[in-house]
**Student:** 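Structure incoming, see below.
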Amino acid sequence: MAFSEQEIQELKEIVPSLSAADEGGYTYILMENLKLPANCKPALVDALLCPMLKEGYQSRLYFSEKPVGCNTTLNWNANVRILGRTWYGISWQTPAGLKLKEMLLVHLKAFS
Amino acid sequence: MKTPKLHVKISSALYERMLSDLKRPHEFASERAGFIYTTHKTINGDIYVWINSYHPLNEAHYIDDPSVGVRFSGAAIRDAMEHVLRGQFGSLYVHLHDHKGMPLPSSTDIKSIPGVVQSLVNATPKETHGFLILSKNAFYLKMRVPGSKNFIETSSISVVGKPMLFQYAQRKGKIINDRYSRQSFLGPDSEYLFSKVRVGVVGLGGGGSHVSQQLAHIGILNPLIFDGDRVELSNLNRLIGAWFTDVVRKTSKTRVARRLIKKLLPKANVLCFDGRWQDYAEALQTCDIIIGCVDDFASRAELEAECRRYLIPYIDIGMDVHRAHQHTAMSGQIITSVPGMPCMRCMQYITEEKLATEAAKYGDVGIRPQVVWPNGVLASTAVGMVMELITGWTMQAAENIYLAYDGNKGTVTTHHRLNYLKVNCCPHYPDDQTGRPGYKTL
């Protein structure tokens with residue numbers, strides 16, 4: 001999956017360190033040291049964004065660890081291995097057709 | 001300090017491409033050469049190396065020198081150093097001695113190769129570097145591990161394909177045992193291979209318990225078994241090896257399987273993992289073959305992805321009983337997913353539609369019907385595929401395996417989806433995505 005330079009630059013405004021890899025027909029964007037909303041602990045985590053249709057979700061965001069202290073009602077329905085690492089994800093749907101930055105912000109809204 | 005054991009894996013597709021390239025005649029050199037690039041990981045003190053690409057020497061870098069098999073310029077080494085630096089790879093300098101039997105380094109190899117390897121070590125000192133000499137049917141491979149100046153021999157080299165090709169250090173000759181006299185058709189090396197290969201079974205329910213039992217009967221000495229569940233009353237209609245007292249005692253399924261295996265094969269080195277395989281991923285990565293007996297498409301997709309990354313052939317089995325048109329239909333599948341060959345997505349067994357439908361039903365799966373006899377059919381067929389992968393006893397050409405079980409008719413036939421298979425190699429899991437993932441900076 002290719003991304004426009006503009007989308008990448010917009011996403012870098014939130015997370016400067018971005019890289020991408022493919023697995024199983026999906027593209028994943030690795031965001032190192034993503035800053036989570038206030039009250040989340042830890043404040044910084046690695047995150048993996050899959051910006052394409054996957055398992056019924058328009059996009060999915062996975063975290064290197066489950067943050068605590070921010071929205072205890074979340075349904076953590078993913079504890080999975082992707083790209084040789086363990087990731088955790090919540091059940092959170094995003095609308096179709098979003099740009100990368102919008103996608104990330106909608107996902108992070110779950111923790112506000 | 002104890003010398004670590006080295007295990008090296010390459011996909012059959014990449015191995016064949018490399019061999020084919022090295023066999024090409026050269027305008028003036030009597031041998032061709034190239035570089036292999038690798039990633040590695042240390043697991044329980046052993047080092048696992050995955051080969052993810054092969055690059056032949058640039059033609060412009062060959063130097064005409066009839067006194068040696070192959071000579072090349074410093075530019076070839078610089079190219080290799082740049083490549084390992086860019087990807088943070090390890091490397092192997094590779095060439096071919098075109099004969100059968102164990103290849104040995106020539107006097108020129110002994111004199112010149114260490115310097116080549118040292119250059120690559122200087123580029124990425126935290127990676128493994130070494131050299132590989134191929135013959136028509138054997139390998140001579142030595143590597144330097146990070147922090148060491150000495151070359152060490154590999155404990156095992158696996159060419160992952162159908163069938164697999166294994167070479168182990170310290171070949172001890174044929175094992176002759178009356179116990180296995182009835183399965184001698186599997187080949188003179190079969191008992192030795194069964195004593196060496198590591199076979200993982202993920203899920204020890206109705207299917208996995210059958211598989212574990214059969215692997216023990218055949219003589220697989222190194223099973224790794226993964227399941228976090230305990231025996232319940234409703235398991236007794238199909239869980240091979242489980243007793244009523246296991247229900248009372250809430251015995252773990254791994255304990256049941258281990259007990260069964262050890263009764264059949266006391267020498268088996270059974271490794272039990274009481275939990276989700278994801279929590280023991282590194283143990284799974286050390287397997288040579290995995291049989292998956294899991295319950296849903298998402299679990300299958302995840303397990304297949306991990307197996308592909310670490311070059312492990314994956315065999316999937318499963319059964320289903322459902323109501324259709326006012327009658328009950330029983331079905332199942334046995335699928336072999338071999339790195340380099342089409343995967344379960346290529347074969348349309350796993351699709352986004354199925355994954356989405358399954359995700360939408362989360363929490364409402366109900367009680368899935370399961371009985372012993374179809375599990376036996378599926379498990380036996382899967383074990384037969386394991387035997388083929390290890391021994392190649394049928395000597396049939398490698399082909400995709402997707403078998404459909406019709407429990408109403410009692411048949412196992414090739415699934416019609418294979419007729420529509422559009423690819424010979426898998427676009428979902430390319431060769432270069434093995435071992436450590438290769439992220440590209442955005």
Side-chain angles (χ1 to χ4, degrees), chain A residues 1-32 46 48-60 62 75-93 96 100-101 104, chain B residues 39 41 43 48 50 87 202 228 275-282 284-285 296-310 337 343-346 348 350-363 423 426-430 432-442:
Chain A
M1 188 179 186
F3 310 104
S4 71
E5 190 56 37
Q6 185 184 358
E7 277 197 271
I8 293 169
Q9 291 307 319
E10 284 173 358
L11 191 56
K12 281 188 173 180
E13 291 167 11
I14 305 175
V15 190
S17 174
L18 296 178
S19 53
D22 292 344
E23 183 176 87
Y26 301 110
T27 296
Y28 296 93
I29 298 174
L30 175 64
M31 299 179 287
E32 293 179 290
D46 287 345
L48 200 66
L49 175 67
C50 181
M52 48 200 292
L53 187 64
K54 184 173 193 268
E55 298 163 1
Y57 294 89
Q58 292 295 328
S59 68
R60 285 214 81 171
Y62 301 92
N75 176 12
W76 288 90
N77 70 347
N79 174 352
V80 292
R81 295 278 301 174
I82 302 171
L83 291 161
R85 198 171 162 183
T86 299
W87 300 93
Y88 305 91
I90 59 167
S91 181
W92 194 256
Q93 185 62 280
L100 293 176
K101 180 180 173 182
L104 176 61
Chain B
T39 62
K41 199 172 188 180
I43 302 174
Y48 291 81
W50 294 277
V202 178
R276 303 170 73 242
W277 70 263
Q278 294 90 333
D279 295 332
Y280 301 99
E282 288 198 337
L284 187 131
Q285 291 159 19
D296 55 81
F297 290 112
S299 298
R300 292 184 160 89
E302 188 186 352
L303 189 47
E304 183 185 39
E306 187 86 359
C307 287
R308 286 281 173 142
R309 176 160 299 285
Y310 296 103
S337 172
C343 69
M344 291 196 288
R345 287 178 190 265
C346 297
Q348 296 289 298
I350 291 178
T351 63
E352 274 311 311
E353 190 183 340
K354 287 179 186 174
L355 290 167
T357 303
E358 187 175 80
K361 286 183 187 169
Y362 182 78
V423 295
C426 177
H428 303 102
Y429 299 101
D432 61 357
Q433 282 292 337
T434 55
R436 191 179 61 235
Y439 285 97
K440 292 185 179 127
T441 304
L442 294 179

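Just so it is clear: chains get the letters A, B, ... in the order the sequence lines come, proteins before strands, and each one is counted from 1.
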**Student:** Below 30° counts as parallel, above 60° as perpendicular, anything between as tilted: where do the rings of A/Tyr28 and A/Tyr26 land?
**Tutor:**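 Taking A/Tyr26 first and then A/Tyr28, their aromatic rings stand perpendicular (interplane angle over 60°).
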**Student:** Mind checking the CG-CZ spacing from A/Leu30 to A/Arg85? Nearest 0.5 Å is all I need.
**Tutor:** 6.5 Å
**Student:** Less than 4.0 angstrom from a charged side-chain N to a carboxylate O is my criterion; do B/Glu304 and B/Arg345 meet it?
**Tutor:** no
**Student:** In terms of heavy-atom pairs under 4.5 Å, which option from B/Gln278, B/Arg436, B/Glu302 contacts chain A the most?
**Tutor:** B/Glu302
**Student:** About how many Å separate CG of A/Asn77 and CD of A/Glu55, when rounded to the nearest 0.5 Å?
**Tutor:**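 So the gap between those two atoms works out to 8.5 Å.
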**Student:** Is B/Tyr310 close to chain A through its backbone or its side chain, or both, or neither, when contacts mean heavy atoms under 4.5 Å?
**Tutor:**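 The side chain, not the backbone.
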**Student:** Using a 4.5 Å heavy-atom cutoff, which residues in residues 5-16 of chain A come close to chain B?
**Tutor:**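 Counting heavy atoms that sit under 4.5 Å from chain B, the residues of residues 5-16 of chain A involved are A/Ile8, A/Lys12.
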**Student:** Mind checking the OH-CG spacing from A/Tyr57 to B/Leu355? Nearest 0.5 Å is all I need.
**Tutor:** 12.0 Å
**Student:** By a 4.5 Å heavy-atom criterion (distance strictly below it), what part of B/Gln285 contacts chain A: side chain, backbone, both, or neither?
**Tutor:**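 When you check distances to chain A, only side chain atoms of B/Gln285 fall under 4.5 Å.
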**Student:** Take atom CD in A/Gln93; do more than 12 heavy atoms of anything else shown fall under 6.0 Å from it?
**Tutor:**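 Atom CD in A/Gln93 is crowded, with more than 12 foreign heavy atoms closer than 6.0 Å.
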**Student:** Output the distance between atom CZ (B/Arg308) and atom CE (B/Met344), rounded to the nearest 0.5 Å.
**Tutor:** 9.0 Å
**Student:** Roughly how far, to the nearest 0.5 Å, is CD of A/Glu23 from CD1 of A/Ile82?
**Tutor:** 7.0 Å
**Student:** Report which part of A/Ile29 has an atom under 4.5 Å of a heavy atom belonging to chain B: side chain, backbone, both, or neither.
**Tutor:** side chain
